[in-house]
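Step one of this worksheet: look at the structure below.
A quick note: this is a predicted structure, and the numbers were derived from the prediction, not measured. Each chain gets a letter, A, B and so on, in the order the sequences are listed, and its residues count up from 1.
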Number of protein chains: 2
Amino acid sequence: MPGRDRMNVTMQDVARHAGVSPQTVSNVVNGRSARVGDETRVRVIESITQLGYRLNQSARSLRRGRTGMVGLAIPTFDSEYYGALAQALNDRFAERGLRLVTENTGGAVRAEVESLASSHLDSYDGFVLALAAGDTPHFDRISIDKPVVLLGERALSSRFDHVLMDNEGGARLATRLLLKTGARAIVALGGVHDDEESMPGLRTRGYAEAHAEIGRDLDPALVLPSTFDAEGGHGSIRALIASGRRFDAVFAVTDGLAVGALRALADAGLRVPEDVQVVGFDNTTASRYTVPRLTTVEPSNEARAETVAELLVSRLQHRDGVLERRVVVHPASVVERESTRRAPSA
Amino acid sequence: MPGRDRMNVTMQDVARHAGVSPQTVSNVVNGRSARVGDETRVRVIESITQLGYRLNQSARSLRRGRTGMVGLAIPTFDSEYYGALAQALNDRFAERGLRLVTENTGGAVRAEVESLASSHLDSYDGFVLALAAGDTPHFDRISIDKPVVLLGERALSSRFDHVLMDNEGGARLATRLLLKTGARAIVALGGVHDDEESMPGLRTRGYAEAHAEIGRDLDPALVLPSTFDAEGGHGSIRALIASGRRFDAVFAVTDGLAVGALRALADAGLRVPEDVQVVGFDNTTASRYTVPRLTTVEPSNEARAETVAELLVSRLQHRDGVLERRVVVHPASVVERESTRRAPSA
DNA sequence: GCTCGGGAGTTTATCGATCAACTCTGCATC
DNA sequence: GATGCAGAGTTGATCGATAAACTCCCGAGC
């Protein structure tokens, strides 16, 4: 291996080697074939490979004024739900020639919002913010001049495009199923008591609506706030069982919670779905391999990812044109598996 | 809101506004306080906030010759194991002032690395390559002038630093445990028949060694190659049961496989660990919430992440100094839960 | 009185690619 | 013969930040 310099090979070097101008090399690299003759192009390409030339992205970005990267903020990498989401978005953006760069915000909403303000953001052309369940960040304080799409549970800010999941509708469907199959006392695991515009708030609202539809009263003691992981679900259900309160179904606001619930029910010797039915939310791959397999709400991640990419790209293209703010809600549906009983065919 | 230009605020603008030179603004921004007087600094900072100045990362990167980003290639986002790994690495690099950018290669590392002038890799200062089980890219063909650390299962290339998991040792420990608790016919789920230097190959080797240690023969029919997810585990074990072959333990080469195995055993009415013991590998969070809770091998992700960051950073610092290639192996250990019986206290 | 040193800044020359505008052949058209 | 024009390139001016070298001032030391 010939000892070579630390210096990088630049377009100038290639140009010199091929006997053309740097601009022509640029044209070749960027596929502007209309501006370059066939012979010249071949010569340039040969020089590129011979010299081992690599384009300097920083220089390109500086000149072009954009980086070709889109940022994605997710609360954590270490979660199937967000993992799948990131993967789907990644593919959708790749199709459009954009690179998706994923950052984890560590779950704190504050970090999520700060990621909008921090210097990281400066290297992206646009940003996708997937929000964790929780409180409401103060978007209206921060100032941003780049396209942002929020991917979340509810409308959070009047300034950005949103792609939302139909939390309320999904929860309504899930709860309806439980009621139809004879449940009388349904726990809202991870639910909240205030009627708030948050992920658990909306899902709790759907749960309440399904009850209201058939004139059934709600027992507030069955609404169990919790963290949204398996650990929280496990602890909450164990405590509920220990308290002696009777229930015959669990609507868990996330699959993680449902997994923990299954665990706690198994610990207590309760059979699913005979003694207690369980429904989750999110249709994570884990939900297909629990014992018993989990009935859950499908959040249509693929479709949402596609919409997110579409919205963001259209904003990038109409950089200056004043597009109206858009809010897209994707419908949810229920996937019936083994943790619920079959609805009586009526 | 005052109508403002599309033009960005630059250091020049700040300099003009504060009545100093651009270089001084640069010094302030970069905290070179030795070169700037107190009063001046205050004035500059005021101008920065007033004008809403943001540093242009592309320009900085171009000038500095590095981007401050480290790339991480993982086979897929949609997996707990890689999710946790990415998260851990992310934190370790953040501590060191580097931004970790995660890409999923979809397994096709080779294509990425070989792509011509427009490769993503060029925007990173260094690279961490976490390889999928089956990948054997031809590293020695590609030429890379940046620090690379391979995070994997076995030594793959003589050119790069490696941080390895002790696959063989972990598998040996897991299998020993099964043998000690009385297992007589242990399935190697996801194992392979050839003694190869791959993740499943090494884990199968450890499995074989544990048998050899106590002079036990191996039954090749119990080694079941498979994909490494729950689906594969489920299918393989279901088929094995259907074939009528007897076994009383499963050593799954991944937790995903073990989850699928549990599912298949439950389907068949077999009790775990009474009828069949199960051990997984990777200690994913899912393994803590299966029914029953999974005994598994802890791969020491945190420690490996720390080592990866250390190695890469030290290479970045000694950009030219010729460091020896380093290979670090982290030991594995077994986490005993409910899917195995207690070893007789001898 | 003169040199020396360091604090506080400034000036200059890039980093590498790209946009915009310009040149220079030919060849077809009126 | 003059005009127009498309094709194939070239030239020069940046994009914004920064390393390196240089200036200027002021008090200390001999």
With Arg41(A) via salt bridge (Lys or Arg N to Asp or Glu O under 4.0 Å) - residues at least two apart = Asp38(A)
note = With sequence neighbours left out, the residues meeting salt bridge (Lys or Arg N to Asp or Glu O under 4.0 Å) with Arg16(B) are Asp13(B)
request  = Specify the angle, to 10°, made by the local axes at the two ends of the helix from dG1(C)-dC30(D) to dC30(C)-dG1(D) when five pairs are taken at each end.
outcome  = 50°
task = Report yes if a side-chain nitrogen or oxygen of Arg60(A) is closer than 4.0 Å to either non-bridging phosphate oxygen (OP1 or OP2) of dT18(C); otherwise report no.
result = yes
Dump every N/O contact between nucleotides 9-12 of chain C and the protein below 3.5 Å, one line per pair.
unit_1: dG9(C); atom_1: OP1; unit_2: Thr40(B); atom_2: OG1; d: 2.3
unit_1: dG9(C); atom_1: OP2; unit_2: Gly37(B); atom_2: N; d: 2.2
unit_1: dG9(C); atom_1: OP2; unit_2: Thr40(B); atom_2: OG1; d: 3.4
unit_1: dT10(C); atom_1: OP2; unit_2: Ser21(B); atom_2: N; d: 2.7
unit_1: dT10(C); atom_1: OP2; unit_2: Ser21(B); atom_2: OG; d: 2.8
unit_1: dT10(C); atom_1: OP2; unit_2: Thr24(B); atom_2: OG1; d: 2.7

ask   = Choosing from dA17(C), dT18(D), dG16(D), which nucleotide comes nearest the side chain of Arg63(A)?
value = dA17(C)
Table of protein N/O atoms under 3.5 Å from nucleotides 23-25 of chain C N/O atoms:
none

query = How would you list, by chain and number, every residue that makes a side-chain hydrogen bond (donor to acceptor under 3.5 Å, both in side chains) with Thr40(B), sequence neighbours excluded?
reply = none
Which donor-acceptor pairs under 3.5 Å do the side chains of residues 26-33 of chain B make with protein atoms, sequence neighbours left out?
unit_1: Ser26(B); atom_1: OG; unit_2: Asn30(B); atom_2: ND2; d: 3.4
unit_1: Asn27(B); atom_1: OD1; unit_2: Gln23(B); atom_2: NE2; d: 3.3
unit_1: Asn27(B); atom_1: OD1; unit_2: Arg32(B); atom_2: NE; d: 3.0
unit_1: Asn27(B); atom_1: ND2; unit_2: Gln23(B); atom_2: O; d: 3.4
unit_1: Asn30(B); atom_1: OD1; unit_2: Arg60(B); atom_2: NH2; d: 2.8
unit_1: Asn30(B); atom_1: OD1; unit_2: Arg64(B); atom_2: NH2; d: 3.0
unit_1: Asn30(B); atom_1: ND2; unit_2: Ser26(B); atom_2: O; d: 2.8

key: Non-neighbouring partners of Arg35(A) that pass salt bridge (Lys or Arg N to Asp or Glu O under 4.0 Å), sequence neighbours left out   = none
N/O donor-acceptor pair under 3.5 Å between Lys146(B) side chain and Asp122(B) backbone = yes
note = Met11(A) CE to dT14(C) C1', in whole Å, measures 18 Å
note = Arg64(A) atom CZ is separated from dG16(D) atom P, nearest whole Å, by 16 Å
query = What residues, two or more places apart in sequence or in another chain, satisfy salt bridge (Lys or Arg N to Asp or Glu O under 4.0 Å) together with Glu95(B)?
reply = Arg92(B)
inquiry  = So which atom in Met11(A) and which in Val25(A) form the shortest heavy-atom distance, rounded to 0.1 Å?
reply    = CG-CG1, 3.9 Å
message = Among residues at least two apart in sequence or on other chains, which ones pass side-chain contact (heavy atoms from CB on, under 4.5 Å) with His330(A)?
response = Val163(A), Ser300(A), Ala303(A), Arg304(A), Thr307(A), Val328(A)
query = Can you find a side chain N or O atom of Asn30(A) that sits less than 4.0 Å from OP1 or OP2 on dT18(C)?
reply = yes
message = What is the distance, to the nearest angstrom, from the CZ atom on Arg32(A) to the C1' atom on dA17(C)?
response = 10 Å
ask   = How long is the line joining CG of Leu62(B) and C1' of dC15(D), in whole Å?
value = 9 Å
query = What integer distance in Å separates Gln57(B):CD from dT18(D):C1'?
reply = 13 Å
Which residues share a ring-ring contact (aromatic ring centres under 6.0 Å, His included) with Tyr124(B), sequence neighbours left out = Phe127(B)
ask   = Taking OH from Tyr53(A) and P from dG16(C), how many angstroms apart are they, rounded to a whole number?
value = 10 Å
task = Send over the distance from Asp122(A) CG to dC15(D) C1', rounded to a whole Å.
result = 15 Å
inquiry  = Can you measure Gln12(B) atom CD to dT14(D) atom C1' for me and round it to whole angstrom units?
reply    = 12 Å
query = Excluding sequence neighbours, so at least two apart, what forms side-chain contact (heavy atoms from CB on, under 4.5 Å) with Ser58(A)?
reply = Asn56(A), Ser61(B), Leu62(B), Thr67(B)
